[in-house]
Asks: 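The structure's right below; bear with me while I get my questions together.
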Amino acid sequence: MSRKGPELHSTGGFWLLVGALLLAASVRFLLWVAVAVAVHEAGHILAIRALGGRIESLRLTGVGAVLRTRRAGLCSYREECLVALAGPLASLLLALGAGTWARVFGGADAYLLTGISLAQGVFNLLPAGPLDGGRVLRAVSSWLVGPHRSVVIWTWVTRGLGIALLGLGVWALLNGGSFPLLLCALWLLWPGRRG
């Protein structure tokens, strides 16, 4: 009997993001974004597999990938933290490797991959929303004060960080910057978003 692999799904938001990026960025840039995202998600997948889990599905959304897993037992808070931190760790290791390659051999692409991967890893460590840092915050606070209080803490930290990013995004936009911080803030503050 052949073993079926994980199901792959994509949302309209994912395709809207791809279309917007194709209009705003070069294909070369998008290639390195795809590499950085794949390595980040591979970090999560390797951690899940190392802990005895199995990936049932991968859903690509406008704000990232969502993995659904299956496992015999419930995931402990420690294991949730390990899985959540594996993605940013993979991103940071990729940035380190690409940065080392760029310093030794040169190449604009290696520097570009370094920046993209570093930005992705650091952004995902923010302790808010469904970001990896938010998952760690929820797991640690659930362990310390219980799951119900953890949701309150997670919600307020997410809102506070969203408001801070909103202010920073507006400031950046008014001072000649671009709008990605503004979009990140609106995503964190969106009432229908689930963690």
Side-chain angles (χ1 to χ4, degrees), residues 9-26 29-41 43-44 58-68 80-81 83-92 94-95 112-142 144-145 147-195:
H9 305 280
S10 60
T11 65
F14 170 75
W15 293 110
L16 182 64
L17 176 67
V18 169
L21 287 173
L22 281 171
L23 290 172
S26 69
F29 178 80
L30 292 180
L31 170 71
W32 294 121
V33 167
V35 168
V37 168
V39 168
H40 181 94
E41 294 307 321
H44 291 307
L58 171 65
R59 191 176 86 223
L60 302 172
T61 72
V63 291
V66 178
L67 295 167
R68 194 176 85 218
E80 176 67 20
C81 289
V83 170
L85 291 172
L89 177 62
S91 292
L92 297 174
L94 177 60
L112 180 60
L113 180 58
T114 301
I116 291 168
S117 192
L118 186 61
Q120 180 186 21
V122 170
F123 179 75
N124 269 282
L125 286 173
L126 291 176
L131 296 172
D132 297 326
R135 291 172 56 199
V136 171
L137 172 66
R138 249 177 126 162
V140 170
S141 60
S142 290
L144 292 173
V145 298
H148 297 296
R149 286 186 179 159
S150 171
V151 171
V152 173
I153 292 167
W154 175 84
T155 300
W156 281 104
V157 169
T158 298
R159 286 180 185 161
L161 193 55
I163 290 168
L165 286 177
L166 183 65
L168 189 58
V170 168
W171 177 83
L173 201 58
L174 293 174
N175 288 288
S178 60
F179 60 91
L181 268 180
L182 203 54
L183 292 178
C184 292
L186 294 174
W187 172 67
L188 284 176
L189 294 171
W190 188 260
R193 179 206 26 77
R194 293 180 302 175

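Sequence positions, counted from 1, serve as the residue numbers for this chain.
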Asks: Which pairs with one or both residues in residues 160-170 pass salt bridge (Lys or Arg N to Asp or Glu O under 4.0 Å), sequence neighbours excluded?
Replies: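 Applying salt bridge (Lys or Arg N to Asp or Glu O under 4.0 Å) to every pair that reaches into residues 160-170, excluding sequence neighbours, yields nothing.
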Asks: For Leu144, give me all partners under side-chain contact (heavy atoms from CB on, under 4.5 Å), at least two apart in sequence or on another chain.
Replies: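 Here the qualifying residues are Val140.
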Asks: Among residues at least two apart in sequence or on other chains, which ones pass side-chain contact (heavy atoms from CB on, under 4.5 Å) with Ala185?
Replies: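 In terms of side-chain contact (heavy atoms from CB on, under 4.5 Å), with neighbours along the sequence ignored, Ala185 is linked to Leu165, Leu166.
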Asks: Sequence neighbours excluded and cut-off under 3.5 Å, please list the side-chain donor-acceptor pairs for residues 123-133, or say none.
Replies:
| from | atom 1 | to | atom 2 | distance (Å) |
| --- | --- | --- | --- | --- |
| Asn124 | ND2 | Gln120 | O | 3.0 |
| Asp132 | OD1 | His44 | NE2 | 3.3 |
| Asp132 | OD2 | His40 | NE2 | 3.0 |
| Asp132 | OD2 | His44 | NE2 | 3.2 |

Asks: Taking all heavy atoms of Leu113 and all of Trp32, pick out the closest pair and write down the distance.
Replies: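 Heavy-atom minimum between the residues: CD1-O, 3.7 Å.
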Asks: Which pairs pass salt bridge (Lys or Arg N to Asp or Glu O under 4.0 Å) with one or both residues in residues 119-129, sequence neighbours excluded?
Replies: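 Matches after skipping sequence neighbours: none remain.
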Asks: Using side-chain contact (heavy atoms from CB on, under 4.5 Å) as the criterion, list what pairs up with Leu118, not counting sequence neighbours.
Replies: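 Result, side-chain contact (heavy atoms from CB on, under 4.5 Å) vs Leu118: Leu92, Ala95, Val122.
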Asks: Could you tell me which non-hydrogen atom of Gly121 sits nearest to which non-hydrogen atom of Ser91, and how far apart they are?
Replies: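 Scanning both residues, the minimum pair turns out to be CA-CB, 3.6 Å.
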Asks: State which residues pass side chain to side chain donor-acceptor pair (under 3.5 Å) with Glu80; sequence neighbours excluded, sorted by chain then number.
Replies: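 Expected list: Arg135.
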Asks: Does Leu31 have any side-chain contact (heavy atoms from CB on, under 4.5 Å) partners at least two apart in sequence or in another chain, and if so, which?
Replies: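 Per chain and number, Leu31 pairs via side-chain contact (heavy atoms from CB on, under 4.5 Å) with no residue.
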Asks: Considering residues at least two apart in sequence or located in another chain, which fulfil the side chain to side chain donor-acceptor pair (under 3.5 Å) criterion with Thr155?
Replies: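 With neighbours one apart ignored, the set is empty.
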Asks: Side chain to side chain donor-acceptor pair (under 3.5 Å): which pairs involve residues 12-22, sequence neighbours left out?
Replies: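 Output for this query lists Ser10-Trp15.
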Asks: Taking only residues two or more places apart in sequence or in another chain, which ones pass side chain to side chain donor-acceptor pair (under 3.5 Å) with Ser150?
Replies: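 Once residues adjacent in sequence are excluded, the partners of Ser150 under the side chain to side chain donor-acceptor pair (under 3.5 Å) criterion are Ser141, Ser142.
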